[in-house]
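Not measured: the values here are computed from a predicted model. One is the number of the first residue; the rest follow in order along the sequence. As a basis for the values below, the full set of heavy atoms in this structure was taken, side chains included, without hydrogen atoms, waters or symmetry mates.
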Amino acid sequence: GKLYRVANIALAYNQERADISESTCIIATSMIYDFDGRIITSIAVDPNNSEHIVVTLGNYGNSDYVFCTENALDEMPDFTSIQGNLPYLPVYSSLIEMNSSDRIILGTEDGIYTTDNAMSGQWSKNQEGMGGVPIFMLRQQRLGQWPISNYGVIYAATHGRGIFETRDFVGFDDSEELKAVNGNTLAIYPNPASTSTMLKTRLENSSNVLVNVYDLQGRLVKSVSYGQIDAGERELKLDIQDLQ
C-alpha cells in the first residue's frame, strides 16, 4: 500500500549519478502516500499532465478502490477517492485517455468501467464483446503518429478471455479515410518549418480540400479549408506560426 516516487532518473546519465551506493548519486526515492493495509494494483499517469495520476487498489471488503491526485509532484500529494458508483470490487488496471484528461478507463474484477468526468463519481459499465471478466492490464498506443493504423487504440488484457481492443478513441476514421489520402500524392516542404509550409499534392479528381493538422497525441490543432480545387498538381500554402 505504500506509494513511492523515484525522481531525477532523466538526469542520471552516468554511473556516478545513477548508482545509489555513490555519494554523487542524484536519484531520490521517497514515499509520497500510504494506503494503509491495501495493495496498489496500478498507477496511471496523465500523458498531458504529470501532476494528474490515478491509483487503483485491490483487496476485498473495502469501500474505496480508486484515488486520484492533481498535485503528484508535490512533496506529499493529496489523494481523493473517485469511487463514486463503482461496485465495491478490486480494480486491477487504469488508464487516462490521451485525448482527454477527464476520461478515465478502469479494469476491474467485473470488467471495464469508464467516465468522462471522474469528479462526478458517475462511472459507466462498458463490457460489450468481453463481458464482466477481470481486466488485469490496460494500454493505449501513444507512440508514433498518424497514419499508423493503431495509433490511439486501447488494449485490454483479461483473465481467461485473451486480449481485446477498442478504437473508439483513435481520433481518426478507419481505413476508408486512409485509402482516400493514399490515393493521391502529398509532399510537405520545408519540413521542419516554423512559420509556413507548402503542401504539394496531385489530385486524381476535382475535390473539396480540407487540411487537418494533429499533434502527437492525436488532437486536432488546426483545420484549414481550401475549397474546391481542380484535379492535377497543386501547391497549397499552410500557415503554421500559431502552432508549437
Side-chain angles (χ1 to χ4, degrees), residues 1-59 64-82 90-107 118-119 135-146 148-157 163 165 169-171 191-194 213-219 221 240 243-244:
K2 294 178 173 60
L3 183 65
Y4 290 87
R5 181 176 58 219
V6 181
N8 298 332
I9 294 177
L11 301 176
Y13 49 78
N14 58 30
Q15 180 174 337
E16 288 72 25
R17 286 172 169 246
D19 188 344
I20 60 173
S21 65
E22 298 281 351
S23 62
T24 53
C25 177
I26 63 170
I27 299 294
T29 302
S30 57
M31 188 181 76
I32 60 175
Y33 205 82
D34 186 0
F35 297 94
D36 189 29
R38 305 292 298 279
I39 297 295
I40 296 174
T41 52
S42 77
I43 304 168
V45 180
D46 187 339
N48 301 305
N49 179 9
S50 299
E51 296 276 10
H52 179 210
I53 69 172
V54 170
V55 177
T56 63
L57 304 176
N59 305 108
D64 295 288
Y65 288 88
V66 189
F67 290 80
C68 80
T69 181
E70 299 290 345
N71 64 333
L73 300 183
D74 285 6
E75 182 178 0
M76 296 300 291
D78 301 312
F79 282 87
T80 302
S81 172
I82 53 174
V91 179
Y92 300 120
S93 51
S94 56
L95 185 149
I96 302 174
E97 206 272 318
M98 68 182 189
N99 294 304
S100 173
S101 295
D102 294 325
R103 184 178 298 127
I104 298 174
I105 302 171
L106 300 177
M119 301 314 294
I135 309 296
F136 285 153
M137 187 178 290
L138 292 166
R139 292 289 186 272
Q140 185 167 32
Q141 163 62 299
R142 294 192 288 111
L143 298 178
Q145 57 185 309
W146 184 81
I148 291 175
S149 62
N150 71 334
Y151 183 61
V153 172
I154 294 174
Y155 297 94
I163 298 176
E165 69 169 33
F169 308 108
V170 173
N191 182 16
S194 58
V213 182
Y214 298 87
D215 67 12
L216 291 180
Q217 281 72 47
R219 298 171 298 198
V221 294
I240 57 171
L243 301 179
Q244 294 184 358

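- The closest side-chain heavy-atom distance from Ile32 to Glu75 is not below 4.5 Å.
- Under the 3.5 Å distance criterion, the side-chain polar atoms of Ser81 are left unmatched by any main-chain donor or acceptor of Phe67.
- Between atom CD of residue Gln244 and atom OG of residue Ser194 there is a gap of 13.5 Å, rounded to the nearest 0.5 Å.
- By the 4.5 Å heavy-atom criterion applied to side chains, Ile39 and Leu57 are not counted as neighbours.
- Side chain of Asp46 to main chain of Ser50: no donor-acceptor pair is present (N/O by atom type, distance under 3.5 Å, no hydrogens or angles).
- The cationic atom of Arg5 (NZ for Lys, CZ for Arg) does not lie both less than 6.0 Å from the six-membered ring centre of Tyr33 and within 45° of the ring axis.
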>> With side-chain hydrogen bond (donor to acceptor under 3.5 Å, both in side chains) as the criterion, how do Asp78 and Thr69 come out once you've worked through the C-alpha distance, each side chain's angles and the decisive distance to 0.1 Å?
In response: CA-CA 6 Å; Asp78 301 312; Thr69 181; over 6 Å; no
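- Side chain of Thr41 to main chain of Thr56: a donor-acceptor pair is present (N/O by atom type, distance under 3.5 Å, no hydrogens or angles).
- Side-chain contact between Phe35 and Ile40 is present, with at least one heavy-atom pair separated by less than 4.5 Å.
- Side-chain polar atoms of Glu97 and Asn99 form a donor-acceptor pair below 3.5 angstrom.
- Taking all atoms of both residues into account, the shortest heavy-atom contact from Ala28 to Asn8 is CB-ND2, 4.4 Å.
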>> Could you walk me through whether Leu243 and Val213 satisfy the side-chain contact (heavy atoms from CB on, under 4.5 Å) test, starting with their C-alpha distance in whole Å, then the side-chain angles of each, then the deciding distance to 0.1 Å, before giving a yes or no?
In response: CA-CA 10 Å; Leu243 301 179; Val213 182; 4.1 Å; yes
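- Checked by atom type and distance alone, the side chain of Asp19 pairs as donor or acceptor with a backbone atom of Ser21 at under 3.5 Å.
- Taking 4.5 Å as the limit, every side-chain heavy atom of Glu70 sits out of range of all side-chain heavy atoms of Glu51.
- The backbone N or O of Gly1 lies less than 3.5 Å from no partner atom in the side chain of Asp36, so there is not a single donor-acceptor pair.
- For the pair Val55 and Phe79, the minimum side-chain heavy-atom distance is below 4.5 Å.
- If you run side-chain contact (heavy atoms from CB on, under 4.5 Å) between Gln140 and each of Ile154, Ile105, Val153, only Ile154 comes through.
- Put simply, the side chain of Arg17 gets close to the backbone of Leu11: a donor and an acceptor are under 3.5 Å apart.
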> So Arg103 and Ile96, side-chain contact (heavy atoms from CB on, under 4.5 Å) or not? Walk me through it.
Replying inline: CA-CA 6 Å; Arg103 184 178 298 127; Ile96 302 174; over 6 Å; no
>> Does Asn59 form a side-chain hydrogen bond (donor to acceptor under 3.5 Å, both in side chains) with Tyr65? I'd like the steps, not just the answer.
In response: CA-CA 9 Å; Asn59 305 108; Tyr65 288 88; over 6 Å; no
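- We find the CZ-CG distance between Arg142 and Leu95 to be 8.0 Å, quoted to the nearest 0.5 Å.
- No side-chain donor-acceptor contact under 3.5 Å links Asn71 to the backbone of Pro77.
- Here the side chains of Val54 and Ile43 are not in contact, with every heavy-atom distance at 4.5 Å or above.
- We find the OG-CG distance between Ser101 and Asn49 to be 6.0 Å, quoted to the nearest 0.5 Å.
- Distance check: Met137 CE to Ser94 OG gives 11.0 Å after rounding to the nearest 0.5 Å.
- Here the closest non-hydrogen pair linking Gln15 and Glu22 is O-CG, 4.4 Å.
- The environment of Ile20 atom CD1 is sparse: at most 12 non-hydrogen atoms of other residues, nucleotides or ligands sit within 6.0 angstrom.
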>> If you apply the rule side-chain contact (heavy atoms from CB on, under 4.5 Å), what do you find for Met119 with Cys68, and how did you get there?
In response: CA-CA 9 Å; Met119 301 314 294; Cys68 80; 4.2 Å; yes
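- Within 6.0 Å of atom CG in Leu73, more than 12 heavy atoms from other residues, nucleotides or ligands are found, so the atom counts as buried in its surroundings.
- The CD1 atom of Ile104 sits 12.0 Å away from atom CG of Leu138, with the distance rounded to the nearest 0.5 Å.
- In this structure, OG in Ser42 is found 12.5 Å from CD1 in Ile135, a value given to the nearest 0.5 Å.
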